[in-house]
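A short worksheet on the structure shown next.
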Amino acid sequence: MSLFFQKANPMQHDELPHRTLPIDHDGLTLLDNVHPPAWQNPKPADSYNLVIVGAGPAGLVAARAAAALGAKVALIERNLIGGDCLNVGCVPSKAIIRTSRLYAEMRNAENFGARVPSDASADFSIAMERMRRIRAHISRGDSPRRLSAEGVDVYFGEARFAGPGAVAVDGKALRFKKALIATGARPRTPSCPGLAEAGYLTNESVFNLLERPQRLLVIGGGPLGCELAQAFCRLGSHVIIAQMKPTFLPKEERDAAQILSDALTRDGVEIHLNTEVIAVRTEGGQKIADLVSDDNKFSISVDEILTGTGRTPNVEGMNLEAAGVQYDTATGVLVNDFLQTTNARIYAAGDVCLKHKFTHTADASARIVVQNALFLGRKRLTALTIPWCTYTDPEIAHVGLYVREAREKAIPVKTFTILMHDVDRAVTDGEDEGFVKIHLREGTDRILGATVVARHAGEMINGLSLAISSGIGLRALARVIHTYPTQAEAIKMAADAYNRTRLTPTLKSLSRRWLAW
Ligand SMILES: Cc1cc2nc3c(=O)[nH]c(=O)nc-3n(C[C@H](O)[C@H](O)[C@H](O)COP(=O)(O)OP(=O)(O)OC[C@H]3O[C@@H](n4cnc5c(N)ncnc54)[C@H](O)[C@@H]3O)c2cc1C
């Protein structure tokens, strides 16, 4: 039941998410789990094996792993435990994406042999309530009480280095043998005249909305912009998306980006590619955005503007200079392949230092740090096989090399493609848009990379990541029995297609002669 709500005002990036958090039952549960109001910071140990700054996915994984292995660990968080992922990223976005998908399916019920419900209009506030409930539920795992029980000393406060071997928080000095900087990243502020004055939403404020914006301008066509543009459109907003580049998800293969463009158009998103927002102003309670597309200038009027224009690492305010840790405000803390900073006792992990800013890379890099910092490990960042996925409908997932990257490295590539409309389960599920593309080193079955565009691409890419990271070739994947009917069978179909190419004319004729005999 709602107690009261604080209005979710559009905010500036340096404001903290919980200041505008809706304080209903789930808001209180979330806060009680990830920043208990009455929390008392512990008395510091004489020295810690590992002091961690930032309790997002990277900090949490490192803290738990190190404490489980018997290390004396301190974890410092200035805002909400769980970081972006739990509070203002993966978890709330995936929760509203799920509801928005349900509405899209209800409206498309005829495609599934059902009647379209008489009222398939979305109830935004119920969708957001569900998101808050789910987030509060998941947050139970990250509570400082639970972390303390696991042997982690949890401190709330702003961490600042007080020299090369100590961090200050809440007036206390925590001495360390090793430290980990896991302070994450924040939304990059677009340099658009008038935007700050007019007010705008970022991922730090958009999940606090209580009312659906009737007209929403999304600036940026990367993963965040595309996922939320589609979700808000399906939840009933009129969404306009402006992307400076000629395609969405510019790093992905062109046909994948085209499928996404078509899907967004079908949903009713108003798409402006090659388009820049050059100014914003307010008029009569509305935000007016001036856009320029090639030579064409036009203005649109919206209720809210959501920016998704990249992420800036959190390196400021930690007194990194005192610790001898070098950083770049655009790319983050400088690390070597072992994730060691320019101070050999201090490491970094997650969004604050990585190019690939994902929860699973934050997790993987934190595991490397625990081994390298505490157990003389020599684990390398470059040895990781990193997949990623944009959770639009259809999803777009990738692992390994793109064809253009292979070409740049002069690696010859042969690609095997299976269209999802040839995969039985995709057809029965009415989810037959997309493809599985597997790139091999020509003349071998070694998988260099793969792109999957499919309803469940994020699930399907994991099998291909396993193959790449374990050195399993496409030939071996053909021998793996896949359950029928599943969409992941597309991978086996690609492997069968590869096997057919191994049948040389000589082998074919030998086989024919054998059978004739
Ligand atoms: C809308 C959105 C959706 C996303 N969806 C996905 C997804 O589906 N899948 C995926 O893999 N990734 C997703 N991501 C990315 C994912 O959230 C991040 O990659 C991940 O949270 C990074 O973890 P981290 O621990 O490095 O940093 P963060 O999660 O940013 O945590 C860093 C923590 O450090 C704290 N901190 C910073 N400075 C200090 C200081 N001086 N003192 C104390 N504490 C400090 C911060 O308050 C924060 O809690 C999404 C991101 C967004 C914005």
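Worth saying up front: this structure is predicted, and the values here are computed from it rather than measured. Counting starts at 1 for both ligands and their atoms, in listed order.
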So, is [X] polar-close to ligand 1, with some N/O to N/O distance under 3.5 Å?
{"X": "Pro57", "answer": "yes"}
{"X": "Ala58", "answer": "yes"}
{"X": "Ala159", "answer": "yes"}
{"X": "Lys94", "answer": "yes"}
{"X": "Ala362", "answer": "no"}
{"X": "Asp351", "answer": "yes"}

Does the side chain of [X] come under 3.5 Å of the side chain of [Y] through a donor N or O and an acceptor N or O?
{"X": "Asp303", "Y": "Gln214", "result": "no"}
{"X": "Glu405", "Y": "His439", "result": "no"}
{"X": "Arg140", "Y": "Asn33", "result": "no"}

May I ask you to identify the nearest protein heavy atom to [atom], giving residue, atom name and distance to one decimal place in Å?
{"atom": "atom 29 (O) of ligand 1", "value": "Asp84 N, 2.8 Å"}
{"atom": "atom 34 (O) of ligand 1", "value": "Gly54 CA, 3.2 Å"}
{"atom": "atom 46 (C) of ligand 1", "value": "Glu77 OE2, 3.4 Å"}
{"atom": "atom 43 (C) of ligand 1", "value": "Arg78 N, 3.4 Å"}
{"atom": "atom 30 (O) of ligand 1", "value": "Gly184 CA, 3.4 Å"}

Do NZ/NE/NH1/NH2 and the carboxylate oxygens of [X] and [Y] come within less than 4.0 Å?
{"X": "Asp262", "Y": "Arg266", "answer": "no"}
{"X": "Arg132", "Y": "Asp24", "answer": "yes"}
{"X": "Asp142", "Y": "Arg64", "answer": "yes"}
{"X": "Asp32", "Y": "Arg145", "answer": "yes"}
{"X": "Arg404", "Y": "Glu253", "answer": "no"}
{"X": "Arg101", "Y": "Glu431", "answer": "no"}

Proximity to ligand 1 by part of [X], non-hydrogen separation under 4.0 Å:
{"X": "Trp388", "answer": "neither"}
{"X": "Thr361", "answer": "neither"}
{"X": "Ala185", "answer": "backbone"}

Against heavy atoms of [X], which atoms of ligand 1 measure under 4.0 Å?
{"X": "His360", "answer": "11 (O)"}
{"X": "Gly56", "answer": "25 (O), 29 (O), 31 (O), 33 (C)"}
{"X": "Gly157", "answer": "42 (N), 43 (C)"}
{"X": "Leu224", "answer": "1 (C), 53 (C)"}

Proximity winner for [atom], if only heavy atoms of [options] are counted:
{"atom": "atom 50 (C) of ligand 1", "options": "Gly225, Gly83, Cys90, Pro92", "value": "Cys90"}
{"atom": "atom 53 (C) of ligand 1", "options": "Val169, Val34, Asn203", "value": "Asn203"}
{"atom": "atom 39 (C) of ligand 1", "options": "Thr183, Asn87, Val61, Asn79", "value": "Thr183"}
{"atom": "atom 10 (C) of ligand 1", "options": "Asn319, Ile97, Thr359, Ile76", "value": "Thr359"}
{"atom": "atom 32 (C) of ligand 1", "options": "Pro187, Gly332, Ala182", "value": "Ala182"}

- Item | Donor-acceptor contact below 3.5 Å, side chain Thr183 vs main chain Asn314 |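 At least one qualifying donor-acceptor pair exists.
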- Whether Tyr347 side chain and Ala366 backbone form a donor-acceptor pair below 3.5 Å: no
- Look at the rings of His398 and Trp388 and say which category their plane angle falls in: under 30° parallel, 30 to 60° tilted, over 60° perpendicular.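 Ring orientation of His398 relative to Trp388: tilted.
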- Between Trp39 and Phe156, how do the two ring planes meet: parallel, tilted or perpendicular, split at 30° and 60°?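 Trp39 vs Phe156 ring planes: perpendicular.
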- Query: What do you reckon, is CZ of Arg215 surrounded by more than 12 foreign heavy atoms closer than 6.0 Å?
  - Reply: yes
